[in-house]
Q: 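Just dropping this structure here.
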Amino acid sequence: MFSFMIALNPETKSAYKLLHDGALALARCESHGMRVDVKYIKKQQKVLTEKIESLEAEFSKTNFYKEWKKSEKGKLNIYSNKQLGEFIYKELGHKVEKRTTKGNASTDIEALQNLGIKDLEPYLKIGKFRTLKKTFLKGLETEVINGVVYPFFHLHIPVTYRGSSSSPNFQNMPKRDPEQMNIIRGAIFPSKGHQILELDYAQLEVRIAAAYHQDPTMLTYINDKSTDMHRDMAQQIFKINKYNPKDKTHSYARSATKNGFVFPAFYGDYHVGFAKTLASFKWMGLPAHGTWKDTDGAAFKNKTMGHHLIKHGIDHLGLPTYENGKKVSQPTGFTKHLQEIEKHFWGTRFPVYDKWKEDWYQQYLKDGYFYNKTGFTFQGVMNKKDCINYPVQSSAFHVLLWALIAGIKAMLSDRWKTRFIGQIHDSIILDVHPKELNQIVKIMRCIMENDVRKHFPWINVPLEIDGEICDVDCAWSTKREFAIDKL
DNA sequence: GGAACTCGCCAC
DNA sequence: AAACGTGGCGAGTTCC
């Protein structure tokens, strides 16, 4: 056995206490659970089954299906990725554009869409309904006890010291796709006479990262509300001279930039990834195949962002090419454009952040371990991206966990009727008594924005929360913005 | 018949 | 030179 001489972190005791109190707080959430409508679940399962069967019927009429069936000699399972991949790439001879992490030909939605096979359209629609039915609705149905499900919350699973949830997983209910969101969250209800409230930190990881690297430009973006990092980056990427928030294309550009460039860049992605993601957004109006100048495809329309870029001389994707894992051609077009912006992003816009990443990693290479801001040890084999991400992800979650613990303390001492349902990494979900709503939002806001900073004085940036509220006795799908500033 | 693996897809 | 961090979970496949 090896024995390690690791210096004792003076914060270790408080780190232990956070996990201890956190486990008790989450146990309270687990014992409260959330109400689900079992009749609704059964009804939706039926609706989804019919949708799936009708799409399967439509697909089975296509030539693609008939050929595929023939080639499988009666053993066709349309949900076998192995069969699908072999038929498309070996039998039909399509070029493999995307591979899985293990290096096999990918059959995910993106890969299939890029093949441009019209017969696959009904097939592609089936996937999301199957996930809704087999994962989410069935997950709730399996776990329900007398109309209530009790998700588990764990603190000992992620290597980053984040939390996780299971049976059912409370932390991955559909949210972004309105159709999926409505179907699943439509099954989840507050206690009788209550309403569901969600309080989430705005840009928590970005702010916690700033507490580590102290980049002055990032601090300005966080402190000065007249500035907007995503807007600035969107203007640069999409060559927008004057940003107009009322222009739909501009606001799409901002959100695409946030999700397709800025966040992936913080996680360690680079220009090839940015280019693929950004070009795939539908609002760009770019054709899935050929050059962007190719206007035969119905996908290309005037007045799209794609058209705007072409006018500025960015007229093709320009991914670098590889042979046997070696780069044999440099990026051009959109990818080269993003490569230049990436260089400016780290080298000129956030040089202090960039230097922190390198220094932090070098320190780990020297020591073999590091501590995060909340007093936890990280050791073992880590690459540079792990080293940069783990301390931020963990401490961001610990801020939330501390706020949850403090909230439950207040609930007990002030005898609230309101209860806590759970935690989703940077948000807290409550089952609120309507008469307590305003007061509780005020108390929680004070805990989440102010008290937590007194407990963790290394947070030298403001913290802000947003709120979402559902109607009384109504499902989680009825959530809408809750203007906590106006209280 | 179950364990382990891969893939795809949902969340942050 | 190469390249996206953390989970849970269902389905299909392979191996024992």
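Computed from a predicted structure; not experimentally measured. Labels below follow one simple rule: chain letters A, B, ... track the order of the sequence lines, proteins then strands, and each chain is numbered from 1.
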Q: Inspect the surroundings of CZ in A:Arg28 and state if more than 12 heavy atoms from other residues, nucleotides or ligands are less than 6.0 Å away.
A: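 Incorrect, the count does not exceed 12.
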Q: What residues, two or more places apart in sequence or in another chain, satisfy ring pair (Phe, Tyr, Trp, His ring centres under 6.0 Å) together with A:Phe378?
A: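 For A:Phe378, the residues satisfying ring pair (Phe, Tyr, Trp, His ring centres under 6.0 Å) (neighbours in sequence not counted) are A:Tyr161, A:Phe370.
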Q: Can you tell me how far C1' of C:dG5 sits from NZ of A:Lys357, to the nearest Å?
A: 12 Å
Q: Can you check the A:Lys385 NZ to C:dA1 P distance for me, whole Å?
A: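 A:Lys385 atom NZ is separated from C:dA1 atom P by 16 Å.
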Q: How is A:Tyr390 classified with respect to the nucleic acid when contacts are heavy atoms under 4.0 Å: base, sugar-phosphate, or nothing?
A: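 Sugar-phosphate: the residue A:Tyr390, judged by heavy atoms under 4.0 Å, touches backbone atoms but no base.
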Q: How many whole angstroms separate atom CD of A:Gln83 from atom P of C:dA11?
A: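 These atoms are roughly 16 Å apart.
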Q: Where along residues 341-356 of chain A does a heavy atom come under 4.0 Å from DNA chain B, residue by residue in number order?
A: none
Q: Around atom NZ of A:Lys384, are there more than 12 heavy atoms from other residues, nucleotides or ligands closer than 6.0 Å?
A: yes
Q: Between P on C:dG10 and NZ on A:Lys134, what's the gap in Å once rounded to a whole number?
A: 11 Å
Q: Which is it for A:Phe376 and A:Tyr371 under the ring pair (Phe, Tyr, Trp, His ring centres under 6.0 Å) test, yes or no, and what are the steps along the way?
A: CA-CA 5 Å; A:Phe376 289 79; A:Tyr371 298 125; over 10 Å; no
Q: Determine the interatomic distance between P on C:dA2 and the same-named atom on B:dC9; round to the nearest Å.
A: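 The same atom, P, in both gives a distance of 28 Å.
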Q: Listed in order of residue number, which residues of residues 41-59 of chain A have a non-hydrogen atom at under 4.0 Å from DNA chain B?
A: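 When residues 41-59 of chain A is checked for heavy atoms under 4.0 Å from DNA chain B, there are no hits whatsoever.
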Q: Classify the nucleic acid contact of A:Tyr79 as base, sugar-phosphate or nothing, counting any heavy atom under 4.0 Å across all strands shown.
A: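 Contact class for A:Tyr79: sugar-phosphate only.
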Q: Check step by step if side chain to side chain contact (heavy atoms under 4.5 Å, CB included) holds for A:Ile428 and A:Phe420.
A: CA-CA 8 Å; A:Ile428 291 174; A:Phe420 288 77; 3.6 Å; yes
Q: Could you pull out all residues at least two apart from A:Phe136 that satisfy ring pair (Phe, Tyr, Trp, His ring centres under 6.0 Å)?
A: none
Q: What does the B/S/- profile of nucleotides 6-12 of chain B look like, 5' to 3', with a 4.0 Å heavy-atom cutoff to protein?
A: SSSSBSB
Q: Can you classify the ring geometry of A:Trp458 versus A:Tyr212 as parallel (below 30°), tilted (30 to 60°) or perpendicular (above 60°)?
A: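 Tilted.
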Q: Mark yes when over 12 heavy atoms from residues, nucleotides or ligands other than A:Lys128 sit less than 6.0 Å from its NZ; otherwise mark no.
A: yes
Q: Less than 3.5 Å apart, which donor and acceptor atoms pair up between the side chains of residues 333-341 of chain A and the rest of the protein, not counting sequence neighbours?
A:
residue: A:Thr335; atom: OG1; partner: A:Leu317; partner atom: O; Å: 2.5
residue: A:Thr335; atom: OG1; partner: A:Gly318; partner atom: O; Å: 3.4
residue: A:His337; atom: NE2; partner: A:Ile237; partner atom: O; Å: 2.8

Q: Does A:Phe152 have any ring pair (Phe, Tyr, Trp, His ring centres under 6.0 Å) partners at least two apart in sequence or in another chain, and if so, which?
A: none
Q: Please verify the inter-ring angle class for A:His455 with A:Trp402; under 30° counts as parallel, over 60° as perpendicular, anything in between as tilted.
A: parallel
Q: Are OP1 or OP2 of C:dG8 and a side-chain N or O of A:Ser164 less than 4.0 angstrom apart?
A: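 For C:dG8, OP1 or OP2 has a side-chain N or O of A:Ser164 closer than 4.0 Å.
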Q: For DNA chain C, which residues of residues 153-161 of chain A approach it to below 4.0 angstrom with any heavy atom?
A: A:Ile157, A:Pro158, A:Val159, A:Thr160
Q: Can you check whether A:Tyr369 and A:Tyr364 have ring centres sitting under 6.0 Å from each other?
A: no
Q: With sequence neighbours left out, what residues match A:Thr321 under side chain to side chain donor-acceptor pair (under 3.5 Å)?
A: A:Ser329
Q: Output yes when at least one side-chain N/O atom of A:Ser80 is less than 4.0 Å from OP1 or OP2 of C:dT13, else no.
A: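 Yes, A:Ser80 has a side-chain N/O under 4.0 Å of OP1/OP2 on C:dT13.
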Q: With sequence neighbours left out, write down each residue that passes ring pair (Phe, Tyr, Trp, His ring centres under 6.0 Å) with A:His213, or none if nothing qualifies.
A: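 Ring pair (Phe, Tyr, Trp, His ring centres under 6.0 Å) check on A:His213 returns A:Tyr353.
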Q: Look at atom OH of A:Tyr252 and say whether more than 12 heavy atoms of other residues, nucleotides or ligands are closer to it than 6.0 Å.
A: no
Q: Just the rounded figure in Å: distance from P of C:dC4 to CG of A:Asn259.
A: 18 Å
Q: Could you tell me if the ring centre of A:His230 sits under 6.0 Å from that of A:Phe263?
A: yes
Q: Grab the NZ-P distance between A:Lys327 and C:dA2 for me, whole Å please.
A: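 To the nearest whole Å, that distance equals 7 Å.
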Q: Dump every N/O contact between nucleotides 14-16 of chain C and the protein below 3.5 Å, one line per pair.
A:
residue: C:dT14; atom: OP1; partner: A:Lys82; partner atom: NZ; Å: 3.4

Q: Not counting sequence neighbours, list each pair that qualifies as a salt bridge (Lys or Arg N to Asp or Glu O under 4.0 Å) and has a residue in residues 110-121 of chain A.
A: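 Applying salt bridge (Lys or Arg N to Asp or Glu O under 4.0 Å) to every pair that reaches into residues 110-121 of chain A, excluding sequence neighbours, yields A:Lys98-A:Glu110, A:Lys118-A:Glu121.
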Q: A:Leu84 has an atom CG; how far is it from atom P of C:dA11, in whole Å?
A: 18 Å
Q: Using whole Å, report how far CG of A:Leu137 lies from P of C:dG8.
A: 21 Å
